[in-house]
Each structure stands twice: as structure tokens, then as C-alpha cells.
J.: 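Handing you this structure, nothing more for now.
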Amino acid sequence: MTTKIYNEVCGLFDNTKSFFLLLSRLVLSYGFYEPAMMKWNNIGNVSTWFSSIGIPFPTLNAYLAATTELLGVALIAIGFLTRLISIPLMVIMIVAIFTVHIGNGFSAGDNGFEIPLYYLLFLGLFMSHGAGKFSVDNLVFKK
């Protein structure tokens with residue numbers, strides 16, 4: 001009896017997966033939007049900053065990061081090529097954690113690695129689970 005009830009409840013929860021994947025994609029896209037635009041609007045300053053923290057080829061990497069983030073905002077929001085765009089965005093989060101945030105500890109309030117870690121985890125879920133039913137991926141690549 002208990003197993004049957006548990007399985008019924010889990011079945012109901014399965015129906016919410018795509019809705020929560022959609023909400024997560026939209027929230028993550030919103031979170032990437034401002035940093036992406038800041039990079040594009042001040043690419044010279046970002047390049048100088050990248051150089052100051054030891055990132056090699058700072059101008060190239062500033063353009064790569066800005067482009068990847070802006071492209072990621074659009075693709076993640078609509079759920080197109082979600083698994084693929086998650087990978088370079090994860091790389092950006094790993095670089096951000098180890099070059100900027102890790103020395104400040106965990107707390108977001110101290111500019112720690114908390115927020116980029118959450119983004120990294122969201123992106124890992126998108127990479128492993130896809131974008132869900134409410135996505136362009138589902139329309140184009142539906143099996």
C-alpha cells in the first residue's frame with residue numbers, strides 16, 4: 001500500500017519536471033544576461049581585468065566569455081542546443097570560481113563561489129537532463 005502511494009506521488013512529480021526545467025532555464029538565463037552585457041559594453045576593461053588576474057590571452061578570452069555568455073542566454077532561455085551550450089558555460093563558471101571567487105570563501109555576500117557554483121550545478125542538470133518538453137530542443141530533436 002505504501003509503495004503504491006509513493007509511486008503515484010512520484011508519478012505526479014514526474015509531470016512537473018519540464019516545467020521546473022523551463023523555470024530554471026529562464027532564471028539562469030536572466031542571471032547570465034547582466035554579466036554578459038557588462039562584458040560586451042566594457043570589453044576593454046574586461047580584457048584589462050582578465051590580464052590583471054592572470055588569464056592568458058585576456059582580450060581573446062574576454063570576447064570568448066562575453067560571446068559564450070550572450071549566446072548562452074539566448075539558447076538556454078529558448079532551450080535550443082541546451083546540452084551543448086551548457087558545456088562552455090560550465091567552463092566559464094569553473095574559471096570564475098578558481099580565478100575570482102574561491103579566495104573569498106563560499107558566501108555570495110563575500111563574493112565567494114556560492115553563486116557560480118549554483119550556476120555550474122544548474123548547467124550540469126541541463127547538460128545531463130536536457131531542456132525538457134517546453135523547449136526548441138524538444139520540437140527539433142524529439143525522438
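The shown structure was predicted, so the numbers you read here are calculated from the model rather than taken from an experiment. In what follows, every heavy atom counts, from backbone to side chain, and hydrogens, waters and symmetry copies are set aside.
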J.: Could you work out, with ring-ring contact (aromatic ring centres under 6.0 Å, His included) as the rule, every residue matching Phe106, not counting sequence neighbours?
T.: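 Testing Phe106 for ring-ring contact (aromatic ring centres under 6.0 Å, His included), a comparison that skips the adjacent residues, returns Phe113.
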
J.: Would you compute the distance between atom CG of Leu21 and atom CG of Leu26 and round it to the nearest 0.5 angstrom?
T.: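 Reported to 0.5 Å precision, the distance equals 11.0 Å.
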
J.: How long is the straight-line distance from OG of Ser24 back to NZ of Lys17, given to the nearest 0.5 Å?
T.: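 The NZ atom of Lys17 sits 12.5 Å away from the OG atom of Ser24.
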
J.: Check Ala77 against Ser29 and note the closest heavy-atom contact, atom names and distance.
T.: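 Nearest heavy atoms, Ala77 then Ser29: N-OG, 3.1 Å.
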
J.: Roughly how far apart are Leu81 CG and Ile76 CD1, rounded to 0.5 Å?
T.: 10.0 Å

J.: Is there a chain of hydrophobic side chains (I, L, V, M, F, W, Y, each step under 4.5 Å between heavy atoms) that links Ile102 to Val100?
T.: no

J.: Please enumerate all residues that pass salt bridge (Lys or Arg N to Asp or Glu O under 4.0 Å) together with Glu69, with sequence neighbours excluded.
T.: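 Glu69 satisfies salt bridge (Lys or Arg N to Asp or Glu O under 4.0 Å) with Lys39 once adjacent residues are dropped.
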
J.: Provide the full list of salt bridge (Lys or Arg N to Asp or Glu O under 4.0 Å) pairs with a residue in residues 104-130, sequence neighbours left out, each pair given once.
T.: none

J.: Can you pull out every ring pair (Phe, Tyr, Trp, His ring centres under 6.0 Å) where at least one residue sits in residues 27-49? Sequence neighbours excluded, please.
T.: Phe32-Tyr119, Trp40-Tyr63

J.: How close do Pro58 and Ser51 get, heavy atom to heavy atom, and via which atoms?
T.: CB-N, 3.6 Å

J.: Could you tell me if the side chain of Asn61 sits less than 4.5 Å from the side chain of Val95, heavy atoms only?
T.: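 The answer is no, as the side chains (C-beta and beyond) never meet within the 4.5 Å cut-off.
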
J.: Name each donor-acceptor pair under 3.5 Å that joins a side chain in residues 122-133 to protein atoms two or more places apart or in another chain, with its distance.
T.:
residue, atom, partner, partner atom, Å
Ser128, OG, Gly124, O, 2.9
Ser128, OG, Leu125, O, 3.3

J.: Atom CD1 in Ile115, atom CG in Asn111: separation rounded to 0.5 Å?
T.: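 With rounding to 0.5 Å, CD1 (Ile115) is 10.0 Å from CG (Asn111).
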
J.: Distance check, rounded to the nearest 0.5 Å: Ser18 atom OG versus Leu23 atom CG?
T.: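 Here the rounded value is 11.0 Å.
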
J.: Which other residues belong to the hydrophobic cluster containing Leu60, where Ile, Leu, Val, Met, Phe, Trp and Tyr are joined when side-chain heavy atoms lie under 4.5 Å apart, directly or via other members?
T.: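 Grouped by the 4.5 Å side-chain rule, Phe57, Leu64 form the rest of the cluster around Leu60.
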
J.: With clusters defined by side-chain heavy atoms of hydrophobic residues (ILVMFWY) lying less than 4.5 Å apart, directly or transitively, does Val73 cluster with Met38?
T.: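 Shared cluster, no.
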
J.: Using only atom types and a distance under 3.5 Å, with no angle test, would you say the side chain of Asn138 pairs donor to acceptor with the backbone of Phe134?
T.: no

J.: According to a hydrophobic-cluster definition based on side-chain heavy atoms being under 4.5 Å apart (Ile, Leu, Val, Met, Phe, Trp, Tyr only), do Leu75 and Val27 belong together?
T.: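 No, it is not one cluster - the side chains of Leu75 and Val27 are not joined through contacts under 4.5 Å.
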
J.: Give, for atom CD1 of Ile97 and atom CG of Leu120, the distance between the pair rounded to the nearest 0.5 Å.
T.: 5.5 Å

J.: Can you tell me if Asp137 uses its side chain to pair, donor with acceptor, with the backbone of Thr82 under 3.5 Å?
T.: yes

J.: Linking I/L/V/M/F/W/Y whenever any side-chain heavy atoms sit under 4.5 Å apart, do Val91 and Leu84 land together?
T.: no

J.: Quick check on the hydrophobic clustering: are Leu117 and Ile94 connected, directly or via other members, by side-chain heavy-atom contacts under 4.5 Å?
T.: yes

J.: Looking at Ala65, is its backbone amide N or carbonyl O close enough to the side chain of Thr68 to form a donor-acceptor pair, meaning the two atoms are under 3.5 Å apart?
T.: no

J.: May I ask you to decide if Ile43's main-chain N or O and Ser47's side chain share a donor-acceptor pair within less than 3.5 Å?
T.: no

